Amino acid sequence: HVNGVVTARPGFTGTEGLFVVEDSSGGVFVRPTGFDEGVVPGADVEVVGALAAPYGQVEIRGLQRLTVGPSAEEPAPVRVQLSAIGEGTEAQLVTVRGTVESITTDSGRLTITVADGSASVRVTADPLTGLSRTDVTRGEVVAATGVVGQRASASDKADGYKIWLRGRSDLQVLPAIESSSPEPLPSSSSSTGPVVLQIGRAHV
């Protein structure tokens, strides 16, 4: 029996109807049995059902009650490092940053691999988001916001984590960092003595 705020609407997390609810302690996926009217990000919901963990991902199934209340303020995403994506962040709304290493599509579903030098994470967008491979390029630095899901490769395996985007605005391409131009070398004709350089500049 949980009360929380919807962070991802049905159909945006890999399975038809599946949505996500979050409170101050964490998040959980919910699989309704049909009725999901009004289940939109920011909506207050009350859910009663049974816990299950298919492929490692904790879900509430077999709903006995799904009550949708008035809309509230949607929880703000938590900024985390890529290495933190795992059991501790499952079903939570997070924001990560990294460089795009690869881009693939499968039946309209976009998956990009984002890395930061110490870890890499798959970021996935279902067709309903409207995102496609033309929206991002390999080598770009991006900020990705979404809910963390899991599909483990085997029972009790702590792998298969990914971030589900919920719309186009959840994927932001960040401006490239421009390198500063080197300062001009001092002219040897302006001084009768030797030119003083940093060691690294001596190789320029």
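Worth saying up front: this structure is predicted, and the values here are computed from it rather than measured.
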Answer yes or no: does atom CZ of Arg79 have more than 12 heavy-atom neighbours from other residues, nucleotides or ligands under 6.0 Å?
yes
Decide whether Val39 and Val28 are clustered together by the hydrophobic rule: side chain heavy atoms of Ile, Leu, Val, Met, Phe, Trp, Tyr closer than 4.5 Å, transitively.
yes
Do the side chains of Val114 and Trp164 join up, straight or via other hydrophobic residues, at under 4.5 Å, putting them in one cluster?
no
Please test Val6 against Val40 for side chain to side chain contact (heavy atoms under 4.5 Å, CB included), starting from the C-alpha separation and ending with a verdict.
CA-CA 6 Å; Val6 176; Val40 296; 5.9 Å; no
If you measure from CZ on Arg109 to OG1 on Thr104, what distance do you get to the nearest 0.5 Å?
10.5 Å
CG of Asn3 to CG of Asp23: how many Å apart, nearest 0.5 Å?
8.5 Å
Any heavy-atom pair between the side chains of Val96 and Ile163 that's under 4.5 Å?
yes
With clusters defined by side-chain heavy atoms of hydrophobic residues (ILVMFWY) lying less than 4.5 Å apart, directly or transitively, does Val78 cluster with Ile85?
yes
When you measure from the side chain of Thr89 to the backbone of Ala84, do you find a donor-acceptor pair of N or O atoms at a distance under 3.5 Å?
yes
Donor-acceptor pair, Asp116 side chain versus Gln81 backbone, under 3.5 Å?
no
Please give me the minimum heavy-atom distance between Gly11 and Leu128, naming the atom from each residue.
O-CD1, 3.5 Å
Under 3.5 Å, is there a donor-acceptor pair between the side chain of Glu22 and the main chain of Leu93?
yes
For the side chain of Glu74 and the backbone of Gly42, is there at least one donor-acceptor N/O pair under 3.5 Å apart?
no
Do Phe29 and Leu51 share a hydrophobic cluster, counting only Ile, Leu, Val, Met, Phe, Trp and Tyr and linking them when any side-chain heavy atoms are less than 4.5 Å apart?
no
CD of Glu101: more than 12 outside heavy atoms within 6.0 angstrom?
yes
Output the distance between atom CD (Gln172) and atom CG (Asp135), rounded to the nearest 0.5 Å.
11.0 Å
Considering only heavy atoms from C-beta outward, does the side chain of Phe19 approach that of Val30 to under 4.5 Å?
yes
What's the shortest heavy-atom distance between Gln92 and Ser25, and which atoms?
NE2-O, 4.5 Å
Flag, side chain of Arg168 to backbone of Gly130, donor-acceptor distance under 3.5 Å
yes
Taking the side chain as every heavy atom from C-beta outward, state whether Asp44 and Val5 have any atom pair closer than 4.5 Å.
yes
Test applied, side chain to side chain contact (heavy atoms under 4.5 Å, CB included); reference residue, Ile112; option that passes from Leu171, Thr105, Leu131, Leu165
Leu171
Could you walk me through whether Arg9 and Arg166 pass the side chain to side chain contact (heavy atoms under 4.5 Å, CB included) check?
CA-CA 8 Å; Arg9 70 179 69 214; Arg166 306 161 303 156; over 6 Å; no
Taking all heavy atoms of Leu18 and all of Thr13, pick out the closest pair and write down the distance.
O-OG1, 3.3 Å
Arg133 CZ to Thr111 OG1 distance, which is reported to the nearest 0.5 Å:
10.5 Å
Note: Leu110 and Ser132 closest approach over all heavy atoms is CD2-O, 3.7 Å
Taking all non-hydrogen atoms of both residues, which atom of Val68 and which atom of Glu37 are closest, and how far apart?
CG2-O, 3.7 Å
To the nearest 0.5 Å, what is the distance between CD1 on Ile60 and CZ on Arg31?
12.5 Å
Main-chain N/O of Lys162 paired to Gln150 side chain as donor or acceptor, under 3.5 Å
no
So if you build clusters from Ile, Leu, Val, Met, Phe, Trp, Tyr with side-chain heavy-atom gaps below 4.5 Å, do Val21 and Leu63 land together?
yes
Does the pair Tyr161 and Val121 meet the rule for a side chain to side chain contact (heavy atoms under 4.5 Å, CB included), with working shown?
CA-CA 7 Å; Tyr161 292 99; Val121 171; over 6 Å; no
Locate the shortest heavy-atom distance separating Leu66 from Pro32; write the atom from each residue and the value.
CD2-CB, 4.4 Å
